[in-house]
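Everything below concerns the one structure shown next.
Protein chains get the first letters and strands the later ones, always in sequence-line order, with residue 1 at the start of each.
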Protein chains: 2
Amino acid sequence: MSQNQILQSLIAENLVSDPTGARGRLLKEAARLFREKGYERTTVRDLAAAVGIQSGSLFHHFRTKEEILKAVMVETIRLNTALMQSAMEAADTPRDKLRALVRAELESINGQTGEAMAVLVFEWRSLSADSQAEVLELRDIYEALWLDVLGLLREQGALLAEPFVVRRMLTGALSWTVTWYRPERGGLTLDGLTDQVMAMLGFAATA
Amino acid sequence: MSQNQILQSLIAENLVSDPTGARGRLLKEAARLFREKGYERTTVRDLAAAVGIQSGSLFHHFRTKEEILKAVMVETIRLNTALMQSAMEAADTPRDKLRALVRAELESINGQTGEAMAVLVFEWRSLSADSQAEVLELRDIYEALWLDVLGLLREQGALLAEPFVVRRMLTGALSWTVTWYRPERGGLTLDGLTDQVMAMLGFAATA
DNA sequence: GACAATACCAAGCAAGCGCTTGGTTTGTAA
DNA sequence: TTACAAACCAAGCGCTTGCTTGGTATTGTC
């Protein structure tokens with residue numbers, strides 16, 4: 001299934017908003033602004049202006065500002081969980097599955113959903129405790145994908161460190177790319193970057 | 001030189017504030033609050049209350065709230081650069097130097113200066129562009145320490161990936177530990193965590 | 001073409017924000 | 001004891017914030 005097909009089916013199931021609709025457009029702009037200026041520094045007036053309405057009109061679509069932040073996070077996780085699952089299923093060996101996961105996460109961080117992913121990392125504390133708990137549940141689903149694959153590699157002896165530690169290190173390392181990786185300037189492509197990550201873990205690049 | 005000796009000499013040179021003095025205590029509380037609630041959500045009234053003065057009195061010590069954030073970051077970098085330099089010089093082989101750097105960075109992130117280090121990572125955007133430039137200059141000094149060591153290992157063939165990529169991945173991975181590593185509960189010590197990081201990079205633990 | 005429901009606007013409220021002001025206390029040294 | 005600066009307080013100003021309110025277009029449905 002292509003990336004776009006996955007997105008379409010999630011929209012059909014009402015799990016993520018159509019980016020061409022009013023709600024979807026707002027969430028996209030919100031992700032951009034939250035990443036650019038941070039959640040706190042982004043005012044409801046900024047958000048409204050970004051989609052061309054009055055600030056008060058926002059509250060017809062969302063009850064609070066925080067609900068917007070939460071929606072950005074929830075929808076991002078839903079989309080990326082689906083993308084990862086699909087990427088992983090397409091690979092055969094544990095090693096290739098790991099590469100697929102790394103590649104997929106790098107893509108979600110540095111591609112279309114990059115702004116929303118950065119928000120997920122950097123604006124976590126701005127969520128209320130209740131919302132944090134809800135979002136965490138969703139995250140667990142796709143963390144399990146990683147741990148399964150890393151566990152297999154560990155059994156094979158291809159990994160010297162503990163799977164749960166490696167996953168957490170990779171979470172940090174891959175998220176952090178958002179602060180420095182610029183594919184447009186400089187020769188490192190997404191596949192090249194994926195190779196570098198695999199090499200760092202001791203897996204030589206495939207031909 | 002012990003950690004404490006390094007701190008004392010920096011205080012003597014007026015490069016960091018004495019943590020027992022008024023300014024030092026404020027910076028320590030500021031780091032705690034900034035990390036706990038974020039810079040924007042921390043009010044000058046919070047900061048003042050934390051050291052037992054009125055909010056207006058803060059501005060006798062600092063001209064603006066942002067100046068407090070900047071001071072937290074600057075002093076943290078100064079201290080940690082000194083600590084890293086010292087840790088690295090004590091090691092002999094490139095491999096041991098790398099381990100010393102990893103261990104030192106994990107300690108600064110998860111030890112005494114942990115709150116300030118977390119602020120450095122998560123509140124970066126709250127600094128004005130001018131302040132960012134100033135702080136970046138300081139960072140470059142200790143980034144060079146890492147790149148030197150990683151470059152040596154690369155030449156030796158002990159590292160499969162590019163030094164600058166590895167350093168950036170490690171920055172993310174090690175910073176991220178602040179969100180999950182809890183030495184007090186759970187058996188993983190700081191040395192154990194350091195071993196795990198080295199193992200992830202393909203370096204087996206020494207006896 | 002009537003009628004809801006949905007989407008929006010214009011205006012502004014109450015609270016909280018960073019910071020300023022004018023004046024008082026405290027520490028230090030001659 | 002006096003002199004003076006550093007450290008602090010009490011009060012509050014001007015502004016921005018998230019959000020509410022009462023009303024008006026716009027849209028889809030039969």
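- Using modelled atom types, no side-chain atom of Glu40(B) and backbone atom of Arg41(A) make a donor-acceptor pair closer than 3.5 Å.
- OP1 or OP2 of dA7(C) lies within a sub-4.0 Å distance of a side-chain N or O belonging to His60(A).
- Residue contacts shown for Thr43(B) are limited to sugar-phosphate atoms, with no base heavy atom under 4.0 Å away.
- Residue contacts shown for Ser55(B) include a base, since a base heavy atom lies under 4.0 Å away.
- Salt bridge Glu29(A)/Arg25(A): absent, no basic N to carboxylate O contact under 4.0 Å.
- Atoms CG (Leu26(A)) and C1' (dA7(C)) sit 13 Å apart, rounded to a whole Å.
- Inter-residue side-chain proximity for Leu33(A) and Tyr39(A) is flagged as unmet; no heavy-atom pair is nearer than 4.5 Å.
- A 4.0 Å heavy-atom criterion places the boundary nucleotides of DNA chain D facing chain A at dT17(D) to dT20(D), written 5' to 3'.
- Where Ser57(B) and Lys65(A) meet DNA chain D, the nucleotide closest to each residue was compared, and Ser57(B) sits on the side nearer the 5' end.
- Rounded to a whole Å, the CZ atom of Phe59(A) is 18 Å from the C1' atom of dT6(C).
- Checked for salt-bridge contact, Glu67(A) and Arg23(A) miss the test: no charged N lies under 4.0 Å from a carboxylate O.
- Residue Ile53(A) is the one, among Ile53(A) and Arg45(A), whose nearest nucleotide of DNA chain C lies closer to the 5' end (criterion: closest heavy atom).
- Between Arg154(A) and Pro163(A), the closest heavy-atom pair is CB-CG, 4.0 Å.
- Under the 6.0 Å distance and 45° angle rule, Lys70(B) does not count as a cation-pi partner of Phe62(B).
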